[in-house]
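Hydrogens, waters and symmetry mates play no part in the numbers below; they use all other heavy atoms, side chains included. Just so you know, ligand 1 is whichever comes first in the structure, and atom 1 is the first atom listed for that ligand. Not measured: the values here are computed from a predicted model.
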Amino acid sequence: MRVSSRPETGATISNPVIPGFHPDPSICRAGEDYYLACSSFEYFPGIPVFHSRDLVHWTQIGNALDRPGQLRLPPETPSSGGLYAPTLRYHDGRFWLIVTNVSSDGNVLFTATDPAGPWSDPIRLPDVHGIDPDLAWDDDGNCWCTVAGVSQFRIDPHTGETFGEPTRLWSGAPGAKAPEAPHLYRIGDYWYLLIAEGGTERCHGVSIARGRTPNGPFEPCPANPILTHRGTDHPIQNTGHGDLVQGPDGSWWMVFLGVRPHGGTPGWHVLGRETFLAPVSWVDDWPVVGEVSPVMAAPPWPLQEPAVVPVRDDFDLSELAVGWISPRFRPARDCTTKERAGWLSLHARGESLDDPEVTFLGRRQQHPSCRTRALADPAEGRGGLAVRLDEQHHYEIEATPGHVRVLARVGPLHSVVATHPTTDGPVVLRIDMTATRQVSDARQGPDTVSLGVEDEDGTFVELAALDGRYLSTEVAGGFTGRVIGLYASAGTVHFDWFDYEALTD
Ligand code: 6LW
């Protein structure tokens, strides 16, 4: 790993530290290494795992649940069902990950010696009811699993067995909605219980209480919520669902989720809930969250060089890169780079992106403005390049031999927006997302999604420019964000390459 020199005074970093649909971050430290896991809902593989040495630059090293034996997402799994809110911890020389599969297995626990994988088969916790499970160990070796609500179980993490009845710990501010995302820590003389409350929308926040034992009683912090942007015009909204960690120098930090709305009123966010970082100081043994901003002071330790992320995936490798995800299931035979050397071959299962079992391979949109391109060979079928929020909200440019068409689905409405003749051979499909920066009209959407093809000299032929609000969480609902990718809706479609390029505004 290349390490740059200590940042100059005045050096800054940008937030989010993990952009795109990466919510509910949970973080742990093992020596000089940091690892972070996020929710993944209906997508397979599940639970992306990231590595960093500086808390600022993160690289995805795998997905904890990458085998069908670990993750069941049946076709009836709704969008925003599946895997919610993991907790990742390093304890006793190994990594522990606990997560809720709200669509099949309930709470399940996995272990690994290398967080890049392989992770174990699931250990089920049939008696632990409640989302957002946390793990903490006390000095006597007891393992405490605390869930949304907020209540706590003593468990055997090796078997999933529970002991005794759950106990109610603390539910945050009286009357506040959705006390959830508990994390329990021993810091100094106290046990701290960190929670989210107010719901994951604009009222989201983080509160904390402390006690002398892991089971309470807990005394709420007088300054609660210790993090919230509710009622502000801050560019980062919905801040909540945090987890604490110590930096390399012993200072404290919080990772948490937030969103970046764009456009006019009421503001639409299209990238899902993203992972942000904030400094934490301590006053009277209570944590105080420092300024949260899109550009913030760099931590005072040497920062890694940011990894250079290639624009192109050429599909030259036999395995797919870890950032590729598919709704619910990805049978290797339907999505393979082993059939035609250097190409990705997709075999259609569902007939369109409306189908929960569509063959779709995508990556998260991570930048408000970006360009995606793909070279598709539709000679044996029909398929193309799509931006997807869920089955009911997607735009796509779809190729068949001799022509392309732009399709849009928004809720119950389906539209063929444009058709255009092409040659019979492979065709370059392109979608550009351009974020709204200057709001000249309160009704202006968050971005424009332009769909089209490139002609032989590379000139973009735009066939449709659609308002991006219809592919936003404020319209579609749910917990995810945009995913951009390749699909087949009939026969077999081969793709030679896929480009994703961040555009500066
Ligand atoms: C998650 C809950 C939340 O379980 O949203 O923002 C839910 N917080 O803690 C889904 O991500």
Query raised in the report: Should Val17 and Leu55 be marked as a side-chain contact (heavy atoms from CB on, under 4.5 Å) after you check the CA-CA gap, both sets of side-chain angles, and the distance that decides it?
Result: CA-CA 8 Å; Val17 289; Leu55 296 177; over 6 Å; no
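- For atom 11 (O) of ligand 1, the nearest non-hydrogen atom of the protein is Asp24 OD2, 2.5 Å.
- Among Leu125, Asp134, Val128, the one residue that satisfies the side-chain contact (heavy atoms from CB on, under 4.5 Å) test with Ile98 is Leu125.
- Near Leu257, with a cut-off below 4.0 Å to any heavy atom, the atoms of ligand 1 are 6 (O).
- Glu180 OE2, 3.4 Å is the protein heavy atom nearest to atom 3 (C) of ligand 1.
- Within the listing of ligand 1, atoms 4 (O) sit less than 4.0 angstrom from a heavy atom of Ile131.
- When each of Pro48, Pro115, Pro25 is paired with Leu36, the side-chain contact (heavy atoms from CB on, under 4.5 Å) condition holds for Pro25 and for no other.
- Side chains of Trp282 and Pro287 form a contact here, defined as non-hydrogen atoms less than 4.5 Å apart.
- Among the atoms of Ser39, none of the N or O lies under 3.5 angstrom from an N or O of ligand 1.
- Of the protein's non-hydrogen atoms, the one nearest atom 9 (O) of ligand 1 is Asp132 OD2, 2.5 Å.
- Taking Glu396 as the reference, His394 meet the side chain to side chain donor-acceptor pair (under 3.5 Å) condition, with sequence neighbours excluded.
- Within 6.0 Å of atom CD in Glu76, more than 12 heavy atoms from other residues, nucleotides or ligands are found, so the atom counts as buried in its surroundings.
- Applying the salt bridge (charged side-chain N to carboxylate O under 4.0 Å, His left out) rule to pairs touching residues 471-486 yields Arg202-Glu474, Asp447-Arg482, sequence neighbours excluded.
- Taking the ring centre of Phe44 as origin, the terminal cationic atom of Arg330 falls outside the region bounded by 6.0 Å and 45° from the ring axis.
- Near Ala85, with a cut-off below 4.0 Å to any heavy atom, the atoms of ligand 1 are 4 (O).
- Residue His204 approaches ligand 1 through these ligand atoms, each under 4.0 Å from one of its heavy atoms: 6 (O), 8 (N).
- Considering only non-hydrogen protein atoms, atom 5 (O) of ligand 1 sits nearest to Arg273 NH1, 3.1 Å.
- The shortest contact between atom 6 (O) of ligand 1 and any protein heavy atom is with Thr200 OG1, 2.7 Å.
- Listed by number with element, the atoms of ligand 1 under 4.0 Å from a non-hydrogen atom of Phe41 are 10 (C), 11 (O).
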